[in-house]
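Everything numeric in this text was worked out from a predicted model, so none of it was measured. Just the heavy atoms: all of them, side chains too, but no hydrogens, waters or symmetry mates, feed the values below. We're numbering straight along the sequence, starting at 1.
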Amino acid sequence: MRKVSGEREDERSDLGDQAYRLLYREIVRCRILPGQDITEAQMCETYGLSRSPVRRALALLAHDGLITPIPRLGFHVSDISLVTIRQIFEMRAALEGVAARACIGRVDVAALRSLNRRYAEGANAGQHGMMDVHNQMHHMIYAASNNPIMEKVLNQLLDQSNRIAYFVSKVGGRGNEGSDVTLDEHELLFAALEANDAENAATQFHFHVRESEQRVIAALLSSRYFSDLPIRIHSDASVDG
């Protein structure tokens, strides 16, 4: 009986992890929107899942900070605020600089350039899934840093950045259009890595992330729906020109 019980527990845990990955992806890709209120029953019905896996998934998502429990009512999907955007990109810029230094001599620059060509060509052709290709470049650099703790944190921050980018697309803000994507966008980063120039690599990665931040904020502010968006603007927030 112990063996059977253990197998059932493992199965429930696996189903919970599958539900978590599904709902995590739905939130990151803004199919479940920021500011939305959700319930356990709603998630079960929408995604055809049973209560136990959904309960586990929601607990993990709350731990990630993607949702907030509302006693006796359900959960609130975390809002996007201009301050939060700044904090996410500030942390990414700092840590990607550290990762860039650490991956010198470890990362395959030729493979990065190959992914960059695929990303630019696909984006310009309007192909789907190009954000995933873009992310692969960052994942390679994070992994090559040889620091699993930093890699995990950076992957989480990248997911948060992606959530913001998907939100921009949802609300009609003008981010990068296909015609805006060029091979040169990442070439300075790759050249610094290829030259084994740790300080320049850190500087280039830091600049690249902060430039992405400014692009995202400008896109949100330009959205024709901006005044109706579930975006909180704190009194201490400042938006650079």
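- Using modelled atom types, one finds a donor on one side chain and an acceptor on the other under 3.5 Å when comparing D14 with Q18.
- A198 and R101 get closest at one heavy-atom pair: O-CG, 3.6 Å.
- The side chain to side chain contact (heavy atoms under 4.5 Å, CB included) test with C30 is passed by exactly one of V28, L33, I27: L33.
- When each of R118, M137, E194 is checked for a side chain to side chain contact (heavy atoms under 4.5 Å, CB included) with R113, only E194 meets the rule.
- Nearest approach of L49 to A19, heavy atoms of both residues: CD1-CB, 4.0 Å.
- Looking at I85 and I217, their side chains come closer than 4.5 Å, going by heavy atoms from C-beta outward.
- There is a path of hydrophobic side-chain contacts, each under 4.5 Å, that joins V54 to V77.
- When all heavy atoms are compared, the tightest approach of A94 to H206 is N-CD2, 4.1 Å.
- Side-chain atoms of E213 and V209, non-hydrogen and from C-beta on, never get closer than 4.5 Å to each other.
- At a threshold of 4.5 Å between side-chain heavy atoms, the hydrophobic network of Ile, Leu, Val, Met, Phe, Trp and Tyr places M130 and Y166 in two separate groups.
- To the nearest 0.5 Å, atoms CZ (R86) and CG (L82) are separated by 8.0 Å.
- Of all non-hydrogen atoms in A57 and G16, the two that sit nearest each other are CB-O, 4.1 Å.
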Please evaluate residues L157 and F89 with respect to the criterion side-chain contact (heavy atoms from CB on, under 4.5 Å), reporting the C-alpha separation (whole Å), side-chain torsions for both, the decisive distance (0.1 Å), and the verdict.
CA-CA 8 Å; L157 289 169; F89 280 94; over 6 Å; no
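- Taking the side chain as every heavy atom from C-beta outward, Y20 and D64 approach each other to under 4.5 Å.
- Under 3.5 Å, the side chains of Y142 and N147 contain no donor-acceptor pair of N or O atoms.
- Two residues are said to be in side-chain contact when any heavy atoms from C-beta on lie closer than 4.5 Å; I32 and I67 fail this criterion.
- In this structure, the side chains of H138 and R92 come closer than 4.5 Å at one or more pairs of heavy atoms.
- Residues I164 and V153 share a hydrophobic cluster, clusters being chains of Ile/Leu/Val/Met/Phe/Trp/Tyr side chains in contact below 4.5 Å.
- Heavy atoms of other residues, nucleotides or ligands lying less than 6.0 angstrom from CD of E45 number 12 at most.
- Residues M91 and V216 fall within the same hydrophobic cluster, defined by Ile, Leu, Val, Met, Phe, Trp and Tyr side chains chained together at heavy-atom separations under 4.5 Å.
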Evaluate side-chain contact (heavy atoms from CB on, under 4.5 Å) for L22 paired with E26, printing each intermediate quantity in order.
CA-CA 6 Å; L22 170 62; E26 293 293 278; 4.2 Å; yes
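- Residues F75 and T39 fail the side-chain proximity criterion, which asks for heavy atoms closer than 4.5 Å.
- Across N200 and A192, no two heavy atoms sit closer than the pair ND2-CB, 3.5 Å.
- For the atom pair CG of N162 and CG of N155, the computed distance is 10.0 Å after rounding to the nearest 0.5 Å.
- For the pair T203 (side chain) and E199 (backbone), a donor-acceptor distance under 3.5 Å is present.
- The side-chain heavy atoms of M43 and E40, taken from C-beta on, include no pair separated by under 4.5 Å.
- Looking at S114, its side chain never comes within 3.5 Å of a backbone N or O of A110 through a donor-acceptor pair.
- V168 and L66 sit in two unconnected hydrophobic clusters of ILVMFWY residues. Membership requires side-chain heavy atoms under 4.5 Å apart, directly or through other members.
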Does the side-chain contact (heavy atoms from CB on, under 4.5 Å) test come out yes or no for H134 and N116, once each step is laid out?
CA-CA 7 Å; H134 176 271; N116 192 38; over 6 Å; no
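- Atom-to-atom distance recorded for Y24:OH and L61:CG is 9.0 Å, nearest 0.5 angstrom.
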Checking side-chain contact (heavy atoms from CB on, under 4.5 Å) for the pair E96/I141: CA distance, chi angles, key distance, verdict?
CA-CA 9 Å; E96 289 214 12; I141 291 161; over 6 Å; no
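- Counted by atom type alone, E185 and H208 present zero donor-acceptor pairs between their side chains at under 3.5 Å.
- Distance check, rounded to the nearest 0.5 Å: CD of Q36 to CD of Q42 gives 6.0 Å.
- Looking at S145, its side chain never comes within 3.5 Å of a backbone N or O of A99 through a donor-acceptor pair.
- The side-chain heavy atoms of L193 and C103, taken from C-beta on, include a pair separated by under 4.5 Å.
- Taking CG from L95 and CD from E151, the interatomic distance works out to 12.5 Å, rounded to the nearest 0.5 Å.
- From I149, atom CD1 reaches atom CG of L154 across 12.0 Å, with rounding to the nearest 0.5 Å.
- In Y47, the OH atom is crowded: over 12 heavy atoms of neighbouring residues, nucleotides or ligands sit closer than 6.0 Å.
- More than 12 heavy-atom neighbours from other residues, nucleotides or ligands sit within 6.0 angstrom of CG on L73.
- A salt bridge links R29 with D132: the distance from a Lys NZ or Arg NE/NH1/NH2 to an Asp or Glu carboxylate oxygen falls below 4.0 Å.
- Closest approach of R210 and A93 over heavy atoms only: CD-CB, 3.5 Å.
- Between the D79 side chain and the S81 main chain, no donor and acceptor come within less than 3.5 Å of each other.
- Using a 3.5 Å distance cut-off with no hydrogens or angles, the side chains of Y119 and Q136 do not pair a donor with an acceptor.
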